[in-house]
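Worth saying up front: this structure is predicted, and the values here are computed from it rather than measured. Here is the naming used below: chain letters follow the sequence lines, and residue numbers restart at 1 for every chain.
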There are 2 protein chains.
Amino acid sequence: MNEIGLSRRATVHDVARAAGVSLATVDRVLNGRPGVRAATAEKVEAAIAAIGFQRDLSASLLARARDLKLTFIIPDGSNEFMARLAEAVRRRASQALSERMHIQTRRIKPLDGDALAHSLDGLDPRDCDCAIIVASQAPSVVAAVDAASRRGVVVMTLVSDLPDSQRRHFIGIDNVAAGRTAGALLGRFLPQGGKVAVIAGSLHLRDHADRLAGFAAVLEAEFAGVAIIGPIEGHDERSQTATLVGDLLARHPDLAGVYNLGAGNAGLVAALQASGRAGAIRVIAHELTEPTRRGLQSGAIDVVLDQNPDGEIRAALAAARSLALGGNGSAVIDPIEIGIFLRDNLR
Amino acid sequence: MNEIGLSRRATVHDVARAAGVSLATVDRVLNGRPGVRAATAEKVEAAIAAIGFQRDLSASLLARARDLKLTFIIPDGSNEFMARLAEAVRRRASQALSERMHIQTRRIKPLDGDALAHSLDGLDPRDCDCAIIVASQAPSVVAAVDAASRRGVVVMTLVSDLPDSQRRHFIGIDNVAAGRTAGALLGRFLPQGGKVAVIAGSLHLRDHADRLAGFAAVLEAEFAGVAIIGPIEGHDERSQTATLVGDLLARHPDLAGVYNLGAGNAGLVAALQASGRAGAIRVIAHELTEPTRRGLQSGAIDVVLDQNPDGEIRAALAAARSLALGGNGSAVIDPIEIGIFLRDNLR
DNA sequence: TAGGTCATGAGGCACGTACCTCAATCCAAA
DNA sequence: TTTGGATTGAGGTACGTGCCTCATGACCTA
């Protein structure tokens, strides 16, 4: 186990000695610099594996003497969850700075692929090593992500993924599983069956589409007595959602449940309360924000499925660090868990 | 905002200049070394605040040139969750090592305060900066924790807390909230009311006692139709739990629900299946392990509330680092969330 | 006033890696 | 064999902090 007498951590010097090469060559291999024959590089790799060398992150960051520049691009507007996300970024900024990561945040027009693409196009690799975006599904966005990657900006997706692009990593919950969870809970809440309405923000958002797919699959497979109405799109917007839900309630006096897989929950709660049927209808929503919190407390919402923004930002920063440093895409990032909140376990 | 011309991070040198003292004095203040007048120390603190200095963690760790020594003390035995916890520690070890944290793990006899106390007493501050323990509630443990603290070993609790001791930090979920969640779910699952049995491992464990309190409170306040049977103690042990649940099922042919807030889930599932009533009784359990996973898949268990061991270990390591370094107890640690799993969102 | 203690300053080395320059060596093609 | 580019070695400095020694001055007490 211990190739070096005392119990000391292996350093680049040890690697050089073990491989029978100079420090400079080890350095070239470790940092992917040119001018090393394949055979020599292999010798070094073998030595690294043999003595179990691990680059000292502290020393590495220190020696680089340069901050990692990160840019978060987050939708603006009335979406409370996005505000929460931006707030989480702000909270982490100072801690991140002490770990040599410099964070910049941009807010852009929501649900607008072109705005996102344009913002990405404006990223200069000299002042942005890594961009973290909440992706919308659009060809122009895919093109902009790929272009940024070619320019040398690592792109990661957050909350909503963009699988067919050059994005290096996705940070967020498993949205299909989230939808399944909602379906499994709602099914158990309605042992007699009934009509359940589904509300989305926009099915062009990958996360919304995934949730819908999971939800519908579970109800179909396990709860045949439950019928789905919709999905209807409220564009993550309070007043639009309120109007739509109002119509819905008027048209279906026997509605037994609602699953809002997008935002706009303030409108949902308002419409439920206006109809006088809040509490009589089982409601599941997403993201613990002020409106959903109030909805839980008043009894208008039964369950909120939550993705922890702080956890996501932490994971994003960790991923950015290892992507920008290690270079090898095999960073160990633990998945984001789906949280659950009822009135009785609100924080 | 930026007191130093260029956008460069503030260093100890900047602090010294701003405070009008020497580097040595800044160093003495920063690291709590003696030989500084109170007035001078205040000047330095003021300068730190004014220019927003933050110690560079990388450089600090590097300069110490010494690993942080951590010792995890985790119950042994058949408790699957504890095995999962130990496994999570093992998985993190190598990453932690590259961040200069050396991890050691001890497994001790479960549910035995004296074994834990004895293990703590054996900790030498020279080879353990910080001990992370799964606490059982016993006077001998409190005494051992306090003694270790006096010797200079920082103690943190994991999963089960020990509030009246010198432990510096607790890492784990809010177990009262977890119990409330179980109660709120089970109540909604049983709109007609009915009898619900509660099984615990040992009420001497703080986490078990907290869960019970939360569970009972919600049922009493919101679901008057649901009656609690128990709690009965299965000592987190498979066969004991199976026997107890077998008796329970025989004595209560009309049992509508079970909440197992401890371990021993393999026994619970076995007894349910032996009785032929699995699937007809709503069951909520804790911790996603092999037995609970199988229970979910077979339909014997409806919901598993989970605390993510990987997340807990990550949080523990972060806390240990900032405690051992910063010294000030005000480390920003984000709370561990309660995860929820049904058959349909198993990972 | 002499001797002592305490507070502070000045300076330097170390930690492990990144990145630079310059010289030396190797190898293949001419 | 010569030439020239590719490869490798040797050695240095820098990053920001921790920790050490030694010198200096201030202040107190006998």
Q) Does A:R17 use its side chain to pair, donor to acceptor, with the backbone of A:V12 at less than 3.5 Å? A) no

**Q.** Outermost DNA chain D nucleotides near chain B [under 4.0 Å, heavy atoms]
**A.** D:dG16 to D:dC19

Q) Can any side-chain N or O of B:D161 pair as donor or acceptor with the backbone N or O of B:F170 at less than 3.5 Å? A) no

Q.
Once salt bridge (Lys or Arg N to Asp or Glu O under 4.0 Å) is applied, do any residues pair with A:R206, and if so which ones, sequence neighbours excluded?
A. A:D210

Q.
Let me test you: for the helix from C:dT1-D:dA30 to C:dA30-D:dT1, what is the angle between the axes at its two ends (five pairs each), rounded to 10 degrees?
A. 30°

Q: Identify which nucleotide among C:dT8, C:dA18, C:dG16 has an atom closest to any side-chain atom of A:T11, counting heavy atoms from C-beta outward.
A: C:dG16

Q | B:V36 backbone acceptor or donor facing B:T40 side chain under 3.5 Å | A | no

**Q.** Residue pairs involving residues 29-53 of chain A (criterion salt bridge (charged side-chain N to carboxylate O under 4.0 Å, His left out); sequence neighbours excluded)
**A.** A:D27-A:R33

Q: Respond yes when some side-chain nitrogen or oxygen of A:R33 is under 4.0 Å from OP1 or OP2 of C:dC19, and no when none is.
A: yes

(Q) Check the phosphate of C:dA10 against B:S22, side-chain N and O only, distance under 4.0 Å to OP1 or OP2. Yes or no? (A) no

Q: Take the protein atom CD1 of A:I48 and the nucleotide atom C1' of C:dT17, then report the distance between them rounded to whole Å.
A: 13 Å

Q) Is the shortest distance from a Lys or Arg side-chain nitrogen in B:R90 or B:E87 to a carboxylate oxygen in the other one below 4.0 Å? A) yes

Q | side-chain contact (heavy atoms from CB on, under 4.5 Å) assessment of A:D76 paired with A:M82 | A | CA-CA 7 Å; A:D76 205 342; A:M82 296 304 165; over 6 Å; no

Q.
Do B:N31 and B:R55 pair up side chain to side chain, a donor and an acceptor below 3.5 Å, judged on atom types alone?
A. yes

Identify all pairs in which a protein N or O lies below 3.5 Å from an N or O of nucleotides 12-15 of chain C, and state each distance.
unit_1 : atom_1 : unit_2 : atom_2 : d
C:dC15 : O2     : B:L62  : O      : 3.4
C:dC15 : O2     : B:A63  : N      : 3.3

(Q) With a 4.0 Å cutoff (strictly under), does any side-chain N or O of A:R55 reach OP1 or OP2 of C:dA18? (A) yes

(Q) Closer than 4.0 angstrom, basic N to acidic O: yes or no for A:R92 and A:D310? (A) no

Q. Separation of A:L30 atom CG from C:dA18 atom P, in whole Å?
A. 6 Å

Q | Pairwise 5' ranking along DNA chain C for B:V36 and A:R28, keeping only the more 5' one | A | B:V36

Q: For B:D27, report the nucleic acid contact type (base, sugar-phosphate, nothing); a contact means any heavy atom under 4.0 Å.
A: base

**Q.** Main-chain N/O of B:A135 paired to B:S160 side chain as donor or acceptor, under 3.5 Å
**A.** yes

Q) Expressed in angstrom and rounded to an integer, what is the separation of B:H13 atom NE2 from C:dG11 atom C1'? A) 12 Å

Q: Just jot down the salt bridge (Lys or Arg N to Asp or Glu O under 4.0 Å) partners of B:D146, sequence neighbours excluded, or say none.
A: none

